[in-house]
Amino acid sequence: MRVTILGSGTSSGVPMIGCSCPVCTSDDPRNDRMRASAVVETGGRTLLLDTATDLRLQAIRFGLERVDAVLYTHAHADHLHGIDELRVFNIRQLSEIPCYGNRDIVERIRAYFRYIFDREGAESFRPFLQLHEVTGPFQAAGVPVVPVPLWHGALPVLGYRIGDFAYLTDVNRIPDGSWCLLEGLELMVLDALRPRPHKTHFSLGQALEVVERVGPRRAWLTHISHLMEHQATNKSLPMGVELAYDGLTLEMAEPKPERSGS
Ligand SMILES: [Zn+2]
Ligand SMILES: [Zn+2]
Ligand SMILES: [Zn+2]
């Protein structure tokens with residue numbers, strides 16, 4: 001199973017438009033952060049985590065040629081507004097693409113992108129998607145997935161666990177019932193926006209507390225703002241925790257086969 005970080009940046013991306021700070025003007029490509037997204041390849045299937053604003057560029061830069069399903073974490077613009085790029089995958093694959101999320105995500109996608117779901121007119125100028133509301137473990141293109149309910153300020157969002165990998169972006173609180181879904185993780189990708197606290201994201205310090213409590217073998221921090229320089233921040237992190245960067249690939253064992261579900 002392979003996980004590729006397609007984007008490790010906060011909603012504005014890094015560099016930010018018009019900013020001349022040392023991180024935004026850095027020559028280190030690891031300080032160049034597209035909007036947060038990742039892709040999981042397992043058992044011959046490709047699961048995309050969010051359709052970030054930068055999806056087209058991410059797909060081209062990191063060789064994403066197939067999308068068997070999309071797992072949406074929430075419906076904020078930075079995680080969603082690349083949705084129209086899914087058209088290309090429809091055409092390449094000659095199939096609809098199933099998309100998963102909680103009720104809030106499904107309702108917002110329908111409301112924000114009416115042209116996709118209005119079955120009248122402009123038939124070829126919309127992505128062909130199936131929206132599925134998830135309330136518990138499910139299979140996406142045959143891959144067992146466990147949704148992990150999280151809080152992003154007052155918004156109920158989802159993290160996802162696939163085998164012993166978990167992707168938890170845009171979160172500032174993990175509800176009591178979700179900690180048990182994170183036991184025995186090999187790899188965890190976790191939100192860490194910046195050093196000081198924020199109303200809807202974990203700060204660096206809060207993220208490190210979560211890593212310590214969950215105890216994955218390795219943790220990678222994502223959704224990073226221009227307030228954290230890659231190398232300097234990495235030097236300050238404990239063993240086994242690093243800042244993610246665009247194009248980072250992580251390899252791990254294939255998940256064990258489970259009983260079939262819906
Ligand atoms: Zn975000
Ligand atoms: Zn900056
Ligand atoms: Zn968000």
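On a predicted model such as this, the values are computed, not experimentally measured, just so you know. Numbering starts at 1 and runs along the sequence shown. Counting starts at 1 for both ligands and their atoms, in listed order.
Among all heavy-atom pairs drawn from Leu71 and Ala140, the shortest one is CD2-CB, 4.0 Å.
Between His79 and Arg35, every side-chain heavy-atom pair lies at or beyond the 4.5 Å cut-off. A 4.5 Å side-chain heavy-atom check between Leu227 and Arg196 finds at least one atom pair inside the cut-off. You'll find the side chain of Val70 stays beyond 4.5 Å of the side chain of Leu129, heavy atoms only.
Separation of the Tyr100 and Tyr72 ring centroids does not fall under the 6.0 Å cut-off.
Cation-pi check for Arg126 over Tyr115 is not met; the charged atom does not lie both under 6.0 angstrom from the ring centroid and within 45 degrees of its normal.
Shown are the protein N/O/S atoms under 2.8 Å from the Zn ion (ligand 1), given by residue and atom: Asp78 OD2, His79 NE2, Asp170 OD2, His223 NE2.
The angle His226:ND1 - the Zn ion (ligand 2) - Cys19:SG amounts to 110°, with values rounded to 10 degrees.
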